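Notes follow once the structure below has been shown.
Every chain is numbered from 1 and lettered A, B, ... according to where its sequence line falls, protein lines coming before strand lines. Since we're looking at a predicted model, the values are computed, not measured.
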Amino acid sequence: MDFPFLLQTMKTLLAALPMTLALFLLSVSCGLVLALLIVWMRVGGNAVARNFAKGYIFVFRGSPLLIQMFLIFYGLGQFGFIRYSFLWPALREPFVCAVLALALCTAGYTAEIFRGGLRAVSPREIEAARAIGMSGGLLVRRILAPIAFRHALPAYSTEVVMMVKSTALASLVTVWEVTGVAQRLISQTYRTMEVFLCAALIYLVLNFIILQAFAALERRLSRHRDTAPRPLPNAKPQIA
Amino acid sequence: MASANRLLVRNIRKSFGTHEVLKGISLEARDGDVISILGASGSGKSTFLRCINLLEIANEGEIWVDGEQIQMTRHHGQNRPQSQKQVDRIRSELGMVFQSFNLWSHMTILENIIEGPVHVLKRPKADCIAEAEALLEKVGIADKRHAYPAHLSGGQQQRAAIARSLAMKPKVMLFDEPTSALDPELVGEVLRVMRALAEEGMTMLVVTHEMSFARDVSNRVIFMRQGVIDSDGAPQDMFGSNASPAFRQFIGNFGA
């Protein structure tokens, strides 16, 4: 084992970690906001919005993320009205294109995950909320969203971990994140195994931390599903 | 006069598709009335109760709560409430207790109880907590305030659900078969709470199969059959010798 080389590789790759983190954090947070909008359209009463959301989800779940990224990065520039628009200074940046593609794609998956969470909310709990005088935003904020989010959390944590790994695709549109830097190192050193193992280790550690955070959140939010605490001795019900 | 009644229902009709479940039901409840609604499965008694707080929208008829009529409009030939705001307010004035408790599973018992007062009535949280503690004491589950619904027995959950409704200080309490989902040994603890409420003068409509409650606690019994009120009267008359033949046959099935 060539430890000095591994150490040097690790240092080089870790220097690219902020870029990977930036891609990840920006795309997951933008994707989350977009997903909320899409799921709202998807389950709402407006038929046009519902069908738009269905189409959106189909397109972004049904086509490869890499092609979506290529279309945004290489494809959009073909159109004069984009090249001469105020958006062009942003859209010609590889980083912006990568974040855009990642966010648009994860929004489709996340919307479906949240829709599943909503469907799992017991109609009885919704009815109890209506019966007490809740409707509209209050019902969503106090009852629907908190319960749906708890149901969606395990699947959502998987999607978030997938997103960490998907940032690697940004290397193909010339963003110098961990995988891109690893490939550049390999082309200089031809030591594929060591370099990619170091890169894989970085992703593993990152995902380990994220999964721990989700597990902690899930434990916190699902105390109501824990096994029943032992009854207190001599606790007799007193009835008025 | 409508205002003399806590609840006034006139000629409610409700169909699901071509099947008419309620064929013109009327009812008045005065302050402190405890009305038991009996009937075989499918007689429309639960649907009737659900029409009162608009969980089902009746196709026809009027509903007045404490002198205020629920405003309806016609939309494609169907009745529809005119204002969701009024519906929400009316619902907050009517307590509803469900057969399967319907507590919010992600909240503790105390959180379940203060949810409505804090977020629907927008009252100060500290006051709501103090009142909730008193209600929990009253229904006998003060030690469960920080437990989650899944940790409670059915009887305890239903008592918590009653406390949740009471926390809204309702004008009328609606009970939709409150003991039907309970193991027989847990029925008594819920009925005792309901009996105590009745004795305090709460106006109650109770859809039930508990003949003893109907006979001993309520001051009026309504027997529904095939979407109409078959007979209606004081319990001593209804359960007495001049009961209607249909009701006599119905209670015969309970061995009452």
Side-chain angles (χ1 to χ4, degrees), chain A residues 44-47 114 116-154 156 216-240, chain B residues 50 53-55 84-85 87-108 112 115-121 135 137-144 146-152 155-156 159 161 164-165 167-168 170 174 188-189 192-193 195-197 200:
Chain A
N46 186 312
F114 286 170
L118 280 174
R119 286 189 56 134
V121 179
S122 153
R124 289 172 176 168
E125 292 178 52
I126 300 171
E127 199 157 71
R130 288 193 192 289
I132 215 159
M134 287 189 185
S135 66
L138 185 63
L139 177 66
V140 171
R141 190 161 52 79
R142 295 297 312 168
I143 305 295
L144 268 181
I147 300 176
F149 184 69
R150 283 164 168 80
H151 285 301
L153 199 54
Y156 185 58
L217 183 63
E218 203 180 319
R219 267 197 307 280
R220 220 183 100 76
L221 292 182
S222 59
R223 277 175 302 194
H224 61 287
R225 276 187 231 143
D226 296 349
T227 48
R230 295 176 67 80
L232 295 169
N234 304 325
K236 286 207 183 85
Q238 329 142 334
I239 290 151
Chain B
R50 294 167 57 84
N53 69 352
L54 298 122
L55 288 177
Q84 183 65 40
K85 237 180 159 152
V87 170
D88 288 344
R89 188 165 39 74
I90 294 279
R91 282 173 173 166
S92 75
E93 295 170 355
L94 298 170
M96 179 85 165
V97 175
F98 298 90
Q99 182 175 352
S100 17
F101 333 129
N102 303 17
L103 293 168
W104 297 302
S105 56
H106 63 301
M107 296 182 188
T108 64
N112 263 278
E115 182 67 21
V118 172
H119 293 281
V120 177
L121 304 180
L135 283 169
E137 199 74 47
K138 179 174 173 166
V139 300
I141 48 171
D143 56 324
K144 301 290 182 195
H146 296 306
Y148 287 92
H151 301 156
L152 270 58
Q156 291 168 335
R159 286 185 280 151
R164 175 176 67 175
S165 291
M168 298 294 284
L174 310 174
E189 60 192 63
R192 274 195 291 279
V193 169
R195 183 191 284 260
L197 271 183
E200 285 170 24

Check: Out of curiosity, A:R141 CZ to B:H119 NE2, how far, rounded to the nearest 0.5 Å?
Finding: 7.0 Å
Notebook entry, point to check: With no hydrogens and no angle check, is any side-chain donor or acceptor of A:E127 less than 3.5 Å from a backbone partner on B:L55?
Noted result: no
Check: Aromatic rings A:H224 and B:H106: how do their planes relate, parallel, tilted or perpendicular, breaks at 30° and 60°?
Finding: perpendicular
Check: Given that the side chain runs from C-beta out, which part of A:I132 has a heavy atom under 4.5 Å from chain B: side chain, backbone, both or neither?
Finding: both
Notebook entry, point to check: What are the two closest non-hydrogen atoms of A:A131 and B:N53, and how far apart are they?
Noted result: CB-ND2, 4.0 Å
Notebook entry, point to check: Given a strict heavy-atom distance threshold of 4.5 Å, which part of B:R50 is in contact with chain A: side chain, backbone, both, or neither?
Noted result: side chain
Note to self: What part of B:L54 gets within 4.5 angstrom of chain A, counting heavy atoms only: side chain, backbone, both, or neither?
What the structure shows: neither
Notebook entry, point to check: What is the minimum heavy-atom distance between A:A128 and B:R164, and which atoms define it?
Noted result: CB-NH2, 3.5 Å
Item checked: Atom group of A:R130 that falls short of 4.5 Å from chain B, counting heavy atoms -> both
Margin query: Show the nearest heavy-atom pair for residues A:R223 and B:H151, with the distance to one decimal.
Written below: O-CE1, 4.0 Å
Notebook entry, point to check: By a 4.5 Å heavy-atom criterion (distance strictly below it), what part of B:L94 contacts chain A: side chain, backbone, both, or neither?
Noted result: backbone
Item checked: Pick from B:K85, B:M168, B:M96 with the largest number of heavy-atom pairs that fall under 4.5 Å of chain A -> B:M168
Next item on the list: Over all heavy atoms of both residues, which pair between B:W104 and A:E125 is shortest? Give the atoms and the distance, please.
Entry: NE1-O, 2.9 Å
Notebook entry, point to check: How far apart are the C-alpha atoms of A:I147 and B:M107, what are their side-chain angles, what is the distance that settles it, and do they pass the side chain to side chain contact (heavy atoms under 4.5 Å, CB included) test?
Noted result: CA-CA 10 Å; A:I147 300 176; B:M107 296 182 188; over 6 Å; no
Notebook entry, point to check: Counting only heavy atoms not in B:R89, do more than 12 sit closer than 6.0 Å to its CZ atom?
Noted result: yes
